[in-house]
Amino acid sequence: MRKQGVLCLGFIIMILGGCSNRNKMDEFIPTPTPAPTPIVDENEAPEETTGETDTPLEELDLSTVETTPKYVKMEKYGSTLNVRSTPSTDGDVIGSLVHREKIDVIEIKDGWAAFISDHKIKYVKADYLVDDKPDFLEPPAATPTPVPTAAPTVKPTKAPKPTKAPTPVPEEEPTPSPEDAEDED
C-alpha cells in the first residue's frame with residue numbers, strides 16, 4: 001500500500017510540474033502585420049515614385065516612419081551640435097547632441113536632417129552626421145601652468161667697516177692743590 005501511495009504522489013507531481021508557467025514564451029515579440037496591399041486596376045498606369053514622400057513631416061505617423069541610423073561627428077573635443085525646432089539657423093535651439101551620439105534620421109533635405117526624438121521631429125545640420133560610429137576625440141593636451149618664479153633675492157651688502165680712529169683720551173683736569181684753593185678768595 002505504501003508503494004502505491006508513493007507512486008501516486010510521484011505521478012501527481014509529474015502532472016502538476018507539466019502545468020507550470022515556465023513553458024510560457026516570456027520574450028515573445030509579436031510581428032507587426034504588413035499593411036494591406038492596395039488593389040491595383042491593371043488598366044491604370046502605375047504612379048511614378050521619387051522615393052520621397054509628399055506628406056509633410058508633421059503629418060506623418062511617427063510610429064511607422066522608416067528611419068536611418070546616423071551618428072554625430074564633431075571635429076573638436078567638447079563641441080556640441082545644436083538641435084533646432086525648424087530646419088533653419090533661425091529655428092529655436094531646443095537641445096544639443098554630442099560627438100558619437102546616435103539619432104534616427106527620417107530624411108535629409110536642403111542640408112538639414114530631420115530626426116525623431118521624444119516623439120517629435122527635430123532638426124540638425126546634416127554636415128555633422130555620418131553613417132558609422134566615429135572614433136573618440138582626444139581631449140586637448142594639458143598645458144603646463146607656468147610656475148611663478150620668485151624675484152631674485154638681493155644679497156644684502158655689508159656696511160663698510162668703520163675705520164678706527166684713535167679715540168681721544170679725555171684729559172684729566174688738574175685737581176686743585178690746597179694752596180690754590182686758598183687763593184681763590
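Heads up: numbering here begins at 1 and tracks the sequence.
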Worksheet item: Checking H99 side chain against E75 main chain: does a donor-acceptor pair fall under 3.5 Å?
Response: no
Discussion item. Tell me the closest heavy-atom pair linking S96 and T80, and the distance in Å.
Written reply: CB-CB, 4.1 Å
Practice prompt. Compare every heavy atom of Y71 with every heavy atom of K133, then report the nearest pair and how far apart it is.
Written response: N-CD1, 3.5 Å
Worksheet entry | Atom NZ of K125: over 12 foreign heavy atoms under 6.0 Å | yes
Discussion item. Quick check: do V124 and V72 have side-chain heavy atoms less than 4.5 Å from each other?
Written reply: no
Worksheet entry | Straight-line distance of Y123 OH to S88 OG, nearest 0.5 Å | 11.0 Å
Fill in: Heavy-atom side-chain contact between L81 and M74 under 4.5 Å
yes
Worksheet item: Looking at F115 and D104, what are the two nearest heavy atoms and their distance?
Response: CB-O, 3.2 Å
Fill in: Closest non-hydrogen atom pair between R100 and F136, with its separation
NH1-CZ, 2.5 Å
Worksheet item: Just how far is it from atom CG of L129 to atom CD1 of I108, taken to the nearest 0.5 Å?
Response: 6.0 Å
Worksheet item: At what distance, to the nearest 0.5 angstrom, does CD1 of I103 lie from OH of Y128?
Response: 13.5 Å
Response to the item:
side-chain contact (heavy atoms from CB on, under 4.5 Å) with R84: of V93, D90, I94, only one passes, and it is V93
Fill in: Heavy-atom pair of closest approach, residues V105 and A113
CG1-CB, 4.2 Å
Worksheet item: From I121 CD1 over to T86 OG1, what is the distance, rounded to the nearest 0.5 angstrom?
Response: 12.5 Å
Worksheet item: Would you find more than 12 non-hydrogen atoms of other residues, nucleotides or ligands less than 6.0 Å from K73 atom NZ?
Response: no
